[in-house]
Structure formats: structure tokens, C-alpha cells
Engineer: 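Mind having a look at this structure? Questions to follow.
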Amino acid sequence: MTDPKDTINIENVVASTGIGQELDLQSVAMDLEGADYDPEQFPGLVYRTQNPKSAALIFRSGKIVCTGAKSTDDVHESLRIVFDKLRELQIQVNEDPEIVVQNIVTSADLGRNLNLNAIAIGLGLENIEYEPEQFPGLVYRLDEPEVVALLFGSGKLVITGGKKPEDAEHAVDKIVSRLEDLGLLE
Amino acid sequence: RLRKWQERIRTKDAGERNLQFALSEIDRMASALGVPRSVREVASVIYRQALSNDLIRGRSIEGVATSCLYAGCRQEGIPRSLEEVTEVSRVGKKEIGRTYRYIAKELSLEMKPADPKEYVPRFCSDLEVSEEVKMKAIEIIDESAEQGLLSGKSPTGFAAAAIYAASLLCNEKKTQREVAEVAQVTEVTIRNRYQEQIEAMGLN
DNA sequence: AGCTTACTTTGTAAAGC
DNA sequence: GCTTTAAAAAGTAAGCT
């Protein structure tokens, strides 16, 4: 039996940071190759890194949001590239800006099909949201860790809202044991 | 003090007018959908509960009224799909769905997902098929749901496919297009669900 | 009948309307 | 509440050949 924990894969990491310096996004947009900046539509400038792949949202305040990285290491590497690009434009960037992971999206596989109708009733209709007419996944909010899990009929799941990789592991353990207790797995 | 008093009356009148508007909208939409009076009453009760729990603030009256009607239909066991309620409402499907989920959660309505079988009588009478087709469709839904094919699938598409399959089995063939139209799903969805159900019934 | 593209859901920060 | 970004899950839908 494959431990569902071993199937966990980080799909997206969102983090925030700041260079500690105000920016003139108009000029940054002019000098930074590949930058997308449309202040009418959104106040942030979008800059994409290729290796690792990510998208950074750079704001006038100097605060930055990095999304799309596949690991916390990739977040740091992506932001290092962004910092260096800004330095190339003669912009002062703090030594080691603090990088805070805000959300980690993970996928996993329980390895067996799930009867979502039975799970909805078993876990308690008051704790879940399952509206197959609107979305095929069952939404399950956990208190500890504080994450949200989307369970699918295939047994695959998505866990989001966590701030560290262990949150997803703990969530998978709890989900597996609850489903086993209810006799809804295997 | 006089001013406060007038304001209270103004607020009370406005609130009363809003409630009357909401209830008349529920009535209008219920008539357009052809649901029985019991559903309008349940929907009205849910709307008043939403009102007393202050769930309307920040949302459109029409959106809440439509969501309450959608919830009422399901609670009464004669569901209308979001597509169907959207057709008679002045707000979009996305807002109705979102408002419905919010109200259901806040009022602890604990709604079970709609059962595809609940759509069979209405779809079948719209298609003018026999009682035999209706029973066969229900049999197909029961069997394929038992085999776990229902998880994540839309109840209307599941019901539509079963009715299409049943019409073939009973030699009262309805086209995918005809079934798709009454169920408000695409022919592609019927085809996909139909294939799985036929396999589950061991009829392929 | 496919294939492609796109939208539905979840969470999260950023600045501003 | 909205706007934008990213990614997964699976279902549904629409457009094109």
C-alpha cells in the first residue's frame, strides 16, 4: 500500500516580501524586459521568471508577491532573480528581505475511489460543502491544521491554505484516519 | 427625536417594502418554474430566516430570493437546476450559486446533494415517455450510483443520461438532443454519462 | 466525434476602488 | 466585494475541424 503521504506534491507556493524601497513602476516597466504593467487594471506590475517558473507581482510600495513556485526553495530562488533584476536597474534592494510563505497548494492521491455522497453525510453536512452541480470536488475544512481540502471521486485531493509543507501531511493523515473510521476508504 | 422616529419608520418601511419585493419575486419565479405552493412557502421561510440572521447585507435581494427558491425546491425534493433558476432570475448563475452556498452554510440548512432520481419524473413528462422508461431510468440511476459512478457528477446530467439509456432499452427512443434540451445539459455530457452507465449495467 | 481552450472550486498576499 | 497571479483536482461547455 502506498502511503497517501508519499503521493503529496507541492503544486504552488505563494509568498510575500518587500525590498524596503518605493518604486516608480512606470520606469521599472520600461526597463524590465517582459514586465506587464497596467495600473488601470491592477496596481501591481507582473514579472515572470523562467527558471524556476514563477510570477512576481511588484508594487509601488516595494512589496512583492511571488506565486507559482513548486517549492519554498524555488520561491527563494525566484525572488533572488527578481531582486537581482531590480538591482540591475540601479534600485536599492535590502540585503536579505524577509520572505513569508502565505499559502501552499498541494495535491495527493488516496489511491481508491471515493463515494462523495457517503463522505458528505459521514463527515457531517455541517462541516462540508458538496455541490456537484457547481463543482465536482467536496470541500472539507480542517481546524488542525487549518487548511481546506478538496476531495474528488477519483481519490485525488487538493490541500490549500497551509503555510508549511507539514500542514499538508498532517491534513492527509487526518483525512485518511477519519475516512477509515467511517469505513469509507477501501 | 422626531427625526429619529421618522428615520425608524422610514427604515421599517423600506425593510417592509424590500421583504414584499423579495416575496413577490419568489412568487414570480416560482410560477415561471411551475413549482407548487409548498415550495414558495419553504422558500419564503428561508428568506425570512436569512433576513433575521442579517445575511442579506452586501447581497442583492434578487440574488438572495433566487437562492432561497433554489434551496426550497431542493428541500422539497423537486429540485430545479441552477441553469433553470437562472433562466427566471435577474441575476447570474454564479451569484446565485455563491449566495446559495453562503445562506445554506449560515442557516445550517444541511442540504444533501440533489438526487438525480428527483429530476426523472419532470424530465420524463416533458419528454412524454412512458412509465416504463421512467422506471427503467430510476433503475439505471440506482445501479450506477451504487457502483460509485455518481461522485462529482452533476445530478441533471446523470439523470439525463439514464433517461436516454432507458428510452433506448424500452424502444421509445428519444434523441440525445431532445433529452439534452429538457435537462439543460449538452449532448456531450449525456454521451459521457451514458457510456459509463451502460457499462455499469452490463449492457454493452 | 475529437481536440483545444476555458470556466467552475479552494487559499493567499499585494494597493486601490 | 472586485481587480491580478499561480497551480492542482474533475466536470461541463463551447468552438473548430
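All values below were derived from every heavy atom in this structure, side-chain atoms included, with hydrogens, water molecules and symmetry-related copies excluded. Model, not experiment: these values are computed from the prediction. We name chains A, B, ... by the order of the sequence lines, and we start the count at 1 in each one.
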Engineer: May I have the distance from A/Leu157 (atom CG) to D/dA9 (atom P), rounded to whole angstrom?
Structural biologist: 11 Å

Engineer: Pairs in or reaching into residues 194-204 of chain B: which pass salt bridge (Lys or Arg N to Asp or Glu O under 4.0 Å), with residues at least two apart or in two chains?
Structural biologist: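 Residue pairs passing salt bridge (Lys or Arg N to Asp or Glu O under 4.0 Å), neighbours aside: B/Lys153-B/Glu196, B/Arg193-B/Glu196.
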
Engineer: A/Glu11 CD to C/dT10 C1': how many Å, rounded?
Structural biologist: 14 Å

Engineer: Using a 4.5 Å cut-off on heavy atoms from C-beta on, say whether the side chain of A/Ile10 contacts that of A/Thr106.
Structural biologist: yes

Engineer: Which atoms form the tightest heavy-atom contact between B/Ala166 and B/Val133, and what is the distance?
Structural biologist: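 So the minimum-distance heavy-atom pair works out to CB-O, 3.4 Å.
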
Engineer: When rounded to the nearest Å, what value does the distance between P atoms of C/dG2 and D/dA9 take?
Structural biologist: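 Nearest-Å result for C/dG2 against D/dA9 at atom P: 23 Å.
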
Engineer: What's the CD1-C1' distance between A/Ile8 and D/dA9, to the nearest Å?
Structural biologist: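 After rounding, the gap between these two atoms is 15 Å.
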
Engineer: Would you say C/dT8 has OP1 or OP2 under 4.0 Å from some side-chain N or O of A/Gln134?
Structural biologist: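 So the side chain of A/Gln134 is outside the cut-off, no N or O lying under 4.0 Å from OP1 or OP2 of C/dT8.
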
Engineer: Between D/dG1 and C/dT9, how far apart are the P atoms? Round to whole Å, please.
Structural biologist: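 That atom pair is separated by 13 Å.
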
Engineer: To the nearest Å, how far apart are B/Tyr102 OH and D/dG1 C1'?
Structural biologist: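 So the OH-C1' distance, B/Tyr102 to D/dG1, works out to 12 Å.
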
Engineer: In whole angstrom, give me the gap between the P atoms of D/dT4 and C/dA6.
Structural biologist: 15 Å

Engineer: Indicate yes or no: at least one non-hydrogen side-chain atom of A/Val46 is less than 4.5 angstrom from one of A/Leu57.
Structural biologist: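 Touching, per the 4.5 Å side-chain cut-off.
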
Engineer: Measuring only the P atom in each nucleotide, how far is C/dC7 from D/dT3? A whole number of Å is fine.
Structural biologist: 12 Å

Engineer: Would you mind reading off the distance between A/Leu79 atom CG and D/dA6 atom C1', rounded to a whole angstrom?
Structural biologist: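 Distance check: A/Leu79 CG to D/dA6 C1' gives 13 Å.
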
Engineer: Using only heavy-atom distances, determine whether the side chains of B/Arg98 and B/Tyr102 contain a donor-acceptor pair under 3.5 Å.
Structural biologist: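 B/Tyr102 and B/Arg98 do not have a side-chain donor-acceptor pair below 3.5 Å.
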
Engineer: In this structure, how many angstroms lie between the C1' atom of D/dA6 and the CG atom of A/Asp36, rounded?
Structural biologist: 14 Å

Engineer: I'd like to know if the side chain of B/Thr189 reaches the main chain of B/Gly157, judged simply by a donor and an acceptor atom lying under 3.5 Å from each other, with no hydrogens or angles considered.
Structural biologist: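 No, the answer is negative, given that no donor and acceptor are paired below the 3.5 Å cut-off.
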
Engineer: Please determine, for the side chain of A/Thr160, which listed nucleotide (D/dA6, D/dA7, C/dG11) has the closest atom?
Structural biologist: C/dG11

Engineer: Sugar-phosphate atoms are those with a prime plus P, OP1 and OP2; base atoms are the rest. Using that split, label each nucleotide of nucleotides 12-17 of chain C B, S or - for protein heavy atoms under 4.0 Å, 5' to 3'.
Structural biologist: BBBBS-

Engineer: Will you find, in the side chains of B/Tyr100 and A/Glu131, an N or O donor that is under 3.5 Å from an N or O acceptor?
Structural biologist: yes

Engineer: In whole angstrom, give the distance that lies between atom CD of A/Glu133 and atom C1' of C/dC7.
Structural biologist: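 Distance check: A/Glu133 CD to C/dC7 C1' gives 15 Å.
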
Engineer: Quickly, which of A/Val176, A/Asn113, A/Ile119 forms a side chain to side chain contact (heavy atoms under 4.5 Å, CB included) with A/Leu185? Name it, please.
Structural biologist: A/Val176

Engineer: Apply salt bridge (Lys or Arg N to Asp or Glu O under 4.0 Å) to A/Arg178 and A/Asp181, showing your working.
Structural biologist: CA-CA 5 Å; A/Arg178 275 202 185 97; A/Asp181 287 348; over 6 Å; no

Engineer: Under the rule for ring-ring contact (aromatic ring centres under 6.0 Å, His included), what residues qualify as partners of B/Phe123, not counting sequence neighbours?
Structural biologist: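 Scan of B/Phe123 (ring-ring contact (aromatic ring centres under 6.0 Å, His included), adjacent residues dropped) gives B/Tyr119.
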
Engineer: Can you give me the dot-bracket string for DNA chain D, 5' to 3', counting Watson-Crick and G-U wobble pairs with both distances under 3.5 Å, using [ ] for crossing pairs and | for partners on another strand?
Structural biologist: ||||||.|.||||||||

Engineer: Apply the test side chain to side chain donor-acceptor pair (under 3.5 Å) to residues B/Glu25 and B/Tyr47: give CA-CA distance (whole Å), side-chain angles for both, the deciding distance (0.1 Å), then the verdict.
Structural biologist: CA-CA 11 Å; B/Glu25 277 301 275; B/Tyr47 187 91; over 6 Å; no

Engineer: In the 5'-to-3' direction, what one-character label does each nucleotide of nucleotides 12-17 of chain D receive under the scheme B = base within less than 4.0 Å of a protein heavy atom, S = sugar-phosphate only, - = no such atom?
Structural biologist: SSS---

Engineer: It should be established whether B/Arg98 places a side-chain nitrogen or oxygen under 4.0 Å from OP1 or OP2 of nucleotide D/dG1.
Structural biologist: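 So the side chain of B/Arg98 is outside the cut-off, no N or O lying under 4.0 Å from OP1 or OP2 of D/dG1.
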
Engineer: Which pairs count as salt bridge (Lys or Arg N to Asp or Glu O under 4.0 Å) when at least one residue sits in residues 45-56 of chain B, sequence neighbours excluded?
Structural biologist: B/Asp54-B/Arg57

Engineer: Tell me: CG of A/Leu45 to P of D/dT5, nearest whole Å?
Structural biologist: 12 Å

Engineer: Report which part of the nucleic acid A/Ser154 touches: base, sugar-phosphate, or nothing (heavy-atom distance under 4.0 Å, all strands).
Structural biologist: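 Here A/Ser154 touches the backbone only, sparing every base.
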
Engineer: Between A/Lys70 and D/dA6, is there a side-chain N or O to OP1/OP2 distance below 4.0 Å?
Structural biologist: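 For D/dA6, neither OP1 nor OP2 has a side-chain N or O of A/Lys70 closer than 4.0 Å.
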
